Structures are given as structure tokens and as C-alpha cells.
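Below you'll find the structure, written out as C-alpha cells, and then a few comments.
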Amino acid sequence: MLCPLRLDIDDLPSSPTCLISKYLINRHSRIDSSDDDTLFRAYLNAAIGWAENETHRTIFQREHRWVLRDFPFCERMEILLPRGKTQSISSISYSSGGQITALRGPSAGSPTGTDFQEDLRGDGGGVVMPLRGTSWPSVDWDVPAPVTITFSAGWASDDVPAEIVHAILFAVEDLYDIRGTGDFNPAVLSASGPRFAAREA
């Protein structure tokens with residue numbers, strides 16, 4: 001049984017309009033004013049955060065660090081990565097005997113590694129297993145981060161499913177239209193948002 005301790009996710013870029021263009025937002029919202037750029041950046045960040053919380057997925061690709069108490073030692077010893085589409089796994093590091101060892105797999109970049117198996121196909125999240133005929137190593141229990149999996153999850157901006165982009169555009173428009181409303185209910189946004197069957201972190 002897997003025992004996650006925490007999941008750290010990199011922040012969105014400081015200029016989120018590189019993810020969904022200001023032109024597309026303006027066309028959808030029917031607003032043509034450069035005076036609203038700062039507002040739109042804030043609303044776009046909020047809308048993306050809402051969509052990621054609702055779907056339990058990382059929508060726009062960035063790095064994650066998943067800290068586990070131990071490796072699984074069930075029959076298959078597989079680790080199912082959270083947050084949806086996994087693009088790559090940089091490393092799996094673990095503490096044993098007070099020393100940190102980093103394992104690298106096929107998608108680790110340069111250099112690639114052969115320390116574990118991985119399957120990153122599909123949008124549901126990657127699967128990681130030890131090499132055939134082997135098992136995960138034992139780890140220290142008296143350290144704060146015994147196992148850390150560093151991986152990239154989310155879609156490239158051009159690959160985000162259209163229905164998610166559409167929901168984010170609606171959320172941005174709603175946030176802009178009802179700004180300053182004292183009786184705003186966030187449930188208004190989640191009522192029409194996309195809901196994917198996904199693993200929670």
C-alpha cells in the first residue's frame with residue numbers, strides 16, 4: 001500500500017497568457033481592451049486553479065515532486081502517478097543508510113536510465129515498476145522524505161483538450177463579469193466544469 005506524504009507542484013508561469021492567449025480570451029469574452037490585462041492574468045490563474053482542483057489533474061505541463069513514505073511491496077509493486085497525463089519522469093530518489101540514491105528511467109532526459117520500468121501512455125497518469133525480476137529497495141524510515149519521484153505532468157499548451165480550454169474560458173468570463181459581487185458563489189463555476197475520472201494525489 002502506497003503512503004504519500006506530500007505532493008509539490010511548480011507554480012504556473014507568471015504570464016499565464018502564454019498558456020491560453022489573450023486574443024482567445026478577448027474573442028470569447030467579447031472584450032477588446034488592453035486596460036484589462038492585469039485582471040485577465042489574475043482571473044486566468046484563478047480559472048486554471050479551479051479547473052485543476054475540479055479535475056484533480058495538472059492541466060498545463062510542469063514539474064511535480066511526490067514524496068512517499070516507502071516503496072510499495074504488494075504483488076505488482078507498481079506506482080500509479082497522480083495528476084493525469086505524465087510527460088516524463090526525471091528521477092526516483094530514495095534514502096537508504098543515510099545516503100540518497102537517484103534512479104533514472106527511459107524518459108529521464110539526458111542521460112536516460114534503465115533503473116526502472118515506466119508506462120506513460122494515455123492521459124490517466126504514468127505507471128512505474130521496478131525492473132523485471134527485481135523489487136524496490138528498502139528505505140530509511142527516520143528521514144522526512146524517504147522516496148521522492150520527480151516527474152512532469154500535464155499537457156503542452158497546444159494539446160490541452162478543447163473541452164477543458166472551453167471551461168477555463170467560461171470561468172475567466174464569469175470571474176470578469178461578476179467581479180465585485182458580494183454574493184458570488186464559487187459553486188456557479190463548478191456547476192458546468194469538466195469532470196474527469198482521475199486519480200487524486
Side-chain angles (χ1 to χ4, degrees), residues 1-13 16 19-20 45-95 100-109 112-113 115-131 135-137 139-141 143-165 167-168 171 186 189-190 193-201:
M1 180 177 177
L2 209 58
C3 183
L5 296 178
R6 70 176 188 273
L7 176 64
D8 300 323
I9 305 176
D10 280 1
D11 292 334
L12 287 164
L19 306 176
I20 298 180
N45 262 332
I48 292 171
W50 157 77
E52 292 190 336
N53 288 335
E54 283 291 302
T55 61
H56 304 293
R57 290 170 177 251
T58 297
I59 293 173
F60 292 99
Q61 181 179 342
R62 51 199 194 274
E63 189 169 86
H64 300 59
R65 289 158 300 282
W66 200 25
V67 180
L68 309 176
R69 167 56 62 196
D70 201 350
F71 288 111
F73 287 95
C74 54
E75 183 178 352
R76 284 180 51 81
M77 295 181 288
E78 65 184 3
I79 299 173
L80 309 179
L81 297 178
R83 303 301 294 181
K85 176 64 179 176
T86 304
Q87 298 287 351
S88 62
I89 302 172
S90 300
S91 67
I92 301 176
S93 61
Y94 66 94
S95 175
I100 301 296
T101 300
L103 306 176
R104 295 178 68 82
S107 65
T112 59
D115 296 328
F116 52 83
Q117 303 179 73
E118 61 184 43
D119 182 359
L120 309 184
R121 295 172 293 183
D123 291 342
V127 179
V128 186
M129 295 179 67
L131 296 175
S135 60
W136 293 115
V139 304
D140 297 327
W141 280 70
V143 294
V147 178
T148 301
I149 303 176
T150 303
F151 64 99
S152 176
W155 291 281
S157 57
D158 293 339
D159 296 329
V160 177
E163 62 269 27
I164 295 182
V165 174
I168 291 172
L189 296 181
S190 57
R195 294 182 182 274
F196 287 79
R199 306 183 191 102
E200 294 193 35

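Here, residue 1 is the first one in the sequence, and each next residue gets the next number. What you see is a predicted model; the values in this text were computed from it and never measured. Note that these values count all heavy atoms, side chains included, but never hydrogens, waters or copies made by symmetry.
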Between [X] and [Y], what is the shortest heavy-atom contact and its length?
X      : Y      : value
Asp70  : Leu2   : O-CD1, 4.1 Å
Ser90  : Ala108 : O-CB, 3.5 Å
Phe73  : Pro137 : CZ-O, 3.7 Å
Asp115 : Ala102 : OD2-O, 4.2 Å
Gln87  : Trp155 : NE2-CA, 3.9 Å
Trp66  : Pro4   : NE1-CB, 3.6 Å

(request) Report yes if some heavy atom in the side chain of Val139 is under 4.5 Å from a heavy atom in the side chain of Leu68; otherwise report no. (result) no
(request) Using a 4.5 Å cut-off on heavy atoms from C-beta on, say whether the side chain of Ile20 contacts that of Val160. (result) no
(request) Please list, chain by chain and in numerical order, all residues satisfying salt bridge (charged side-chain N to carboxylate O under 4.0 Å, His left out) with Glu118, sequence neighbours excluded. (result) none
How far does [atom1] of [X] sit from [atom2] of [Y], to the nearest 0.5 angstrom?
X      : Y      : atom1 : atom2 : result
His64  : Leu7   : NE2   : CG    : 6.0 Å
Glu52  : Ile164 : CD    : CD1   : 9.0 Å
Phe116 : Ser91  : CZ    : OG    : 7.5 Å
Lys85  : Arg83  : NZ    : CZ    : 16.0 Å
Leu12  : Ile48  : CG    : CD1   : 5.0 Å

Partners meeting side chain to side chain donor-acceptor pair (under 3.5 Å) with [X] (sequence neighbours left out):
X     : value
Thr86 : none
Arg65 : Asp10, Glu63
Asn53 : none
Asp8  : Arg6

(message) As a test of understanding, state which of Leu120, Ile79, Leu80 forms a side-chain contact (heavy atoms from CB on, under 4.5 Å) with Val127.
(response) Leu80
Under 3.5 Å, which donor-acceptor pairs do the side chains of residues 145-154 form with other protein atoms, sequence neighbours left out?
{"residue": "Ser152", "atom": "OG", "partner": "Gln61", "partner atom": "NE2", "Å": "3.1"}

(message) I'd like to check the side-chain contact (heavy atoms from CB on, under 4.5 Å) partners of Arg121; sequence neighbours left out, ordered by chain and number.
(response) Asp119
(request) Using the test side-chain contact (heavy atoms from CB on, under 4.5 Å), find all partners of Leu131 that sit at least two apart in sequence or belong to another chain. (result) Gln117, Thr134
(request) For Arg57 and Gly124, indicate whether the former's side chain and the latter's backbone hold a donor-acceptor pair under 3.5 Å. (result) no
(request) Evaluate the criterion side-chain contact (heavy atoms from CB on, under 4.5 Å) for residue pair Met129 and Glu78; output intermediate values, then yes/no. (result) CA-CA 5 Å; Met129 295 179 67; Glu78 65 184 3; 3.6 Å; yes
(request) Check the angle between the aromatic planes of Tyr94 and Phe71 and answer parallel, tilted or perpendicular using the 30° and 60° thresholds. (result) perpendicular
